[in-house]
Amino acid sequence: MSEPAEVTVHKLGGSCLVDERSFDKILAIIENYKKGGLVLVASALQGVTNQLIKFMRECNAHATEPGEVVKKLQDMHLKIAVEIIKDSENLSLASSFISDLAAQLKEVLTKVYDLCSISPQLTDQVIAFGERFSTSILYYYLKSKGYAVRFFQADNLIVTDNNYTNALPKLDKTKKLIETQIVPVLRNREIPVITGFLARSEDGFVTTLGRGGSDFTATLIAYSIVDSFKHTKVILWKDVDGLLTANPKYVPNAKLIKTISYKEAKELAFFGSKIIHPMCLIPLEEKKIPLEIRNFSKPLNADYTTFTTEQQVKKDIVKALTAKEDVALITVEGAAMVSLPGTAAKLFEILGNNNINIIMISQASSENNITLVVDQADKERSEEVLKASDFFGRRWIKINAMNDVSLIAVVGAGMLNTPGIAARVFKALAEKNINIIAIAQGSSEMNISMVIPRRDISQALQAIHDEFNLSN
Ligand code: ASP
Ligand code: MG
């Protein structure tokens, strides 16, 4: 057989790996795309990553024994393996693989339990097990169905920095590893079945790519093989049709976005839309690799989201709205700050050193206050560390923290150089009597972000959604 003219990298999330029916659907997808080459990237089974994280968080209390968690996870994976793998040889291989993993996991969790000092490095070692379990089951299942498959644990494919739990890939090294290991397999018409999420640091320890990181794994693979297979595409199979114009929890008539540019989608991903991993678009954009988000329960659905490099500027001035409900607003205020160089730097340094992520920043040109938005969970700590600092703890600087606010953002490439968009947004809110507490617009002009009272979040989003006719 000749080598494939095109390759699709399919990422299967936890909602695709549930029971016999869902694994049958994976077969249907493979059949659909098998004229070209296929790569499968799998996430952990639903809830597994969370269970592992929970065990570590609670280890101080010694509430659950390592053996108990491991048994639960082992049983859960074995149950699925038994349900879907019908031939005894592959089932027994899968079972012993699962048992081996369980034994390794128990060893690591016992360390966690005994020491109860959990470094990010140890965390990654633990949470990577979810994908090792799930992907091995997928592999043996496909083998039992007669497919030519190859199993890869991604710590041998993706090299990252050592920013554990949120590691960033070293692209050149990763590309080389993937090219040497995955490309020949594809040329040989075999299907690589690859663990999502996990990777390895240059020092040789397990890392992970951040929550939802299997999306990123899929796009890193596409990035690395596209020079060998020009027609490479990524499909992220999810439990939604694609990206929507707003979160339907707030805007019930939100609509599917059929095409979106990478630039716009990045604004969405970074701003509260949990549909895709925020980093996963970057490798694709660089190499102009197409991406689709499709609904796993409706694989032949005509409606899905395609990501493109072109922006349809004219047609869609505003593309979508995003929201982050639980945020806090920190205001640092004082005449002492006017014209005092280094104030902002100090502020960011203090918060950064305390691992507090700043979501939005705004400073008016009077310079006597800087407003920051942080996660609500970081509110108290932000206040504390600033007040405790030499610089901001001084009497003439006031630090205020405000709860019960939300951040909403209006995103669209068409806003660039189009006057009047902000005016329409503010008018829509004013008509509903919604107070805007702070505003920021980056110079990309593709995103206007606003802080509003939390109780108004739905009404605000709906009003802007209506103003720009996003449901039509
Ligand atoms: N299992 C990981 C998580 O739950 C990665 C993923 O699902 O993509 O975050
Ligand atoms: Mg997941």
Side-chain angles (χ1 to χ4, degrees), residues 9-18 22-23 26 39-57 69-70 72-74 76-77 80 98 101 105 108-109 118 120-139 152-155 157-158 160 163-169 174 192-200 206-223 234-240 242-243 265 269-270 272-284 291-296 357:
V9 180
H10 299 262
K11 182 260 173 169
L12 301 161
S15 57
C16 312
L17 309 162
V18 179
S22 53
F23 278 83
I26 296 175
V39 177
L40 304 180
V41 174
S43 294
L45 301 188
Q46 264 170 342
V48 169
T49 315
N50 285 341
Q51 279 183 55
L52 292 167
I53 290 175
K54 184 162 175 274
F55 175 84
M56 287 183 289
R57 285 222 176 107
V69 192
V70 173
K72 202 170 138 203
L73 290 174
Q74 185 173 1
M76 170 185 188
H77 289 94
I80 295 196
I98 291 170
L101 281 178
L105 177 62
V108 188
L109 289 188
I118 307 154
Q121 189 179 318
L122 193 55
T123 300
D124 274 351
Q125 220 186 319
V126 171
I127 58 182
F129 273 92
E131 272 70 12
R132 300 192 200 277
F133 277 119
S134 64
T135 313
S136 69
I137 295 176
L138 177 62
Y139 165 72
F152 290 90
Q153 305 203 47
D155 24 13
L157 296 174
I158 298 173
T160 68
N163 186 17
Y164 297 98
T165 73
N166 247 318
L168 282 179
T174 298
V193 181
I194 304 173
T195 55
F197 189 42
L198 59 106
R200 173 168 51 83
V206 180
T207 56
T208 61
L209 303 173
R211 294 307 305 270
S214 305
D215 291 352
F216 200 11
T217 307
T219 66
L220 287 167
I221 291 177
Y223 173 92
V234 178
I235 303 180
L236 306 176
W237 293 96
K238 303 259 170 182
D239 52 7
V240 291
L243 291 182
F270 278 110
S273 149
K274 293 240 172 71
I275 309 283
I276 43 172
H277 186 287
M279 296 297 291
C280 82
L281 299 173
I282 291 166
L284 299 184
L291 167 72
E292 293 168 5
I293 296 185
R294 287 174 174 264
N295 194 331
F296 181 69
N357 181 38

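This chain uses plain numbering: 1 for the first residue, then up along the sequence. When reading the values below, keep in mind they use all heavy atoms of this one structure, side chains included, and skip hydrogens, waters and symmetry mates. Since the model is a prediction, treat every value here as computed from it, not as a measurement. Whatever order the structure lists them in is the order used to number ligands and atoms, beginning at 1.
Near E131, the atoms of ligand 1 lying under 4.0 angstrom from a non-hydrogen atom of the residue are 1 (N), 2 (C), 5 (C), 6 (C). Less than 4.0 angstrom separates some heavy atom of R211 from each of these atoms of ligand 1: 3 (C), 4 (O), 9 (O). Heavy-atom contacts of S43 reach the following atoms of ligand 1: 6 (C), 7 (O), 8 (O) (cutoff under 4.0 Å).
Proximity of G213 to ligand 1 is established by a heavy-atom distance of less than 4.0 Å.
Atoms CG and CZ, on L12 and F23 in that order, are 8.5 Å from each other to the nearest 0.5 Å. With rounding to the nearest 0.5 Å, the separation of CD1 in I221 from CD1 in I194 is 3.5 Å. Atom CG of L198 and atom OG1 of T135 lie 8.0 Å apart (nearest 0.5 Å).
For the residue pair T207 / D124, no side-chain donor-acceptor distance below 3.5 Å is found, with atom types taken as modelled. Checking S43 against S214 by side-chain atom types alone, a donor-acceptor pair falls below 3.5 Å.
Looking at K11 next to ligand 1, no N or O pair under 3.5 Å apart turns up. At least one N/O-N/O distance between G212 and ligand 1 falls below 3.5 Å. In terms of N/O distances under 3.5 Å, ligand 1 is not approached by D215.
The aromatic rings of W237 and H10 sit parallel, their planes meeting at an angle under 30°, below the 60° perpendicular limit.
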